[in-house]
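Here's the structure we're looking at; comments come further down.
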Amino acid sequence: MRTHGTIIRWNSERGFGFVRPAGKDDEVFVHISEFGRGEPPQIGELISFEVIDHQGKPRAVNVQRTGASNKARQRGDARHARKPRREGLLRRGLGVAALVAIAVALLGPRLGLVGGPPAFAPDPISATAAAAPVRTDASSTAYRCDGRTHCSQMSSCAEATWVLRNCPNTQMDGDGDGVPCETQWCR
C-alpha cells in the first residue's frame with residue numbers, strides 16, 4: 001500500500017537515508033536507487049512510497065517525489081526545474097577528442113601515424129655514418145652505411161655481409177670468420 005512521508009536523514013556519501021511515514025514515529029530505510037535519476041533527495045522532502053519487509057526491517061521502495069521541486073518541474077518553473085545534461089555530453093566528447101589529438105601528436109610520429117619515418121626505423125643518415133668513410137663498389141648500390149651495427153638491425157644475409165665489409169664499427173661477426181649473423185641470417 002502506498003504511503004507518504006518526509007525524508008528525515010540522508011547520507012549523500014553512502015546513498016541512503018531514512019523517511020518518516022506521515023502520522024507515525026518510526027523510520028523507514030530508503031536507498032538512492034529507489035529515486036531513479038534526477039536530483040539527490042533533500043531532508044524535509046515529501047515523497048510517496050511503498051513499504052516492504054527487507055530482512056526483517058521496513059524499506060521504502062517505488063519512491064515517487066511529491067514535494068515542491070517536483071511540482072515546480074511540472075509547472076515548468078525554470079528556477080527549480082533541472083536542465084538537461086547536454087553540456088556534460090559535449091564536454092565529455094570534447095575531452096575525449098582533445099586526449100586523442102594529444103596522443104596522436106605525441107605518439108603519432110613514433111608509430112608512423114603522422115609525418116616522418118617511424119622512430120623505430122633507422123635514420124637514413126646518422127652521426128656514425130656521416131663521420132665514417134664509405135667504401136663503394138658497383139654491387140653495393142642497394143645498401144648504405146647508416147649506423148646499424150647489429151644482426152637484429154639487418155633484413156637479410158646479403159645486407160649483413162655488405163654492411164660488415166663496407167661499414168665501420170660493426171658487431172656482426174662474433175667469431176671473426178668473415179661470415180656475419182651466422183645464427184640469424186647467414187646459416
Side-chain angles (χ1 to χ4, degrees), residues 7 9-17 30-43 45 47 61-65 67-136 140-164 166-172 174 180-181 183-186:
I7 297 177
R9 285 188 287 158
W10 188 258
N11 185 333
S12 296
E13 291 177 5
R14 298 183 65 190
F16 72 88
V30 62
H31 191 264
I32 188 73
S33 63
E34 296 297 331
F35 285 87
R37 293 185 173 205
E39 298 173 12
Q42 302 294 319
I43 294 176
E45 182 177 354
I47 60 171
V61 295
N62 300 326
V63 174
Q64 293 179 354
R65 294 176 179 234
S69 62
N70 192 32
K71 290 178 184 175
R73 243 181 266 123
Q74 290 172 352
R75 284 193 319 256
D77 188 348
R79 292 177 298 163
H80 299 289
R82 184 157 192 211
K83 294 178 183 176
R85 294 190 142 229
R86 289 185 189 151
E87 71 270 356
L89 292 175
L90 180 63
R91 282 186 193 152
R92 240 183 255 139
L94 289 175
V96 169
L99 287 175
V100 169
I102 290 170
V104 168
L106 294 175
L107 298 175
R110 292 180 185 222
L111 299 175
L113 299 175
V114 230
F120 50 81
D123 294 333
I125 300 174
S126 69
T128 307
V134 177
R135 290 178 273 162
T136 59
S140 66
T141 57
Y143 307 113
R144 291 189 308 208
C145 292
D146 55 7
R148 296 178 292 154
T149 60
H150 296 282
C151 293
S152 61
Q153 298 169 318
M154 302 297 131
S155 59
S156 68
C157 178
E159 180 182 25
T161 303
W162 187 91
V163 170
L164 179 65
N166 296 291
C167 300
N169 303 324
T170 59
Q171 301 173 6
M172 296 183 283
C181 307
T183 59
Q184 291 176 328
W185 294 110
C186 304

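Residues: numbered from 1 along the sequence shown. These values consider heavy atoms only, across backbone and side chains, with no hydrogens, waters or symmetry-generated copies. Quick caveat, the model's predicted, so the values are computed rather than measured.
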With rounding to the nearest 0.5 angstrom, report the [atom1] to [atom2] distance, [X] to [Y].
X	Y	atom1	atom2	answer
N11	I32	CG	CD1	10.5 Å
I47	N62	CD1	CG	11.5 Å
M172	L164	CE	CG	5.5 Å
D146	C167	CG	SG	7.5 Å

When you check the gap from the basic side-chain N to the acidic O, do E159 and R144 get nearer than 4.0 Å?
-> no
Side-chain contact test, heavy atoms from C-beta onward, threshold under 4.5 Å: evaluate it for M154 versus V163 and give yes or no.
-> yes
Measure the shortest side-chain to side-chain distance between F35 and P40 over non-hydrogen atoms and say whether it is less than 4.5 angstrom.
-> no
Taking all non-hydrogen atoms of both residues into account, name the closest pair between I7 and P41 and its distance.
-> CD1-CB, 3.5 Å
Contacts of type side-chain contact (heavy atoms from CB on, under 4.5 Å), residue A158, not counting sequence neighbours | Y143, S156
Residues that H150 engages under side-chain contact (heavy atoms from CB on, under 4.5 Å), provided they are two or more places apart = S152, Q153, Q171
Within the distance-only criterion (no hydrogens, no angle test), does the side chain of E34 pair as donor or acceptor with the backbone N or O of H31 below 3.5 angstrom?
-> no
Walk me through it: do S33 and F16 pass the test side-chain contact (heavy atoms from CB on, under 4.5 Å)?
-> CA-CA 9 Å; S33 63; F16 72 88; over 6 Å; no
Is the C181 SG less than 2.5 Å from the C157 SG?
-> no
Let me know which of Q42, E39, E45 forms a side chain to side chain donor-acceptor pair (under 3.5 Å) with R65.
-> E45
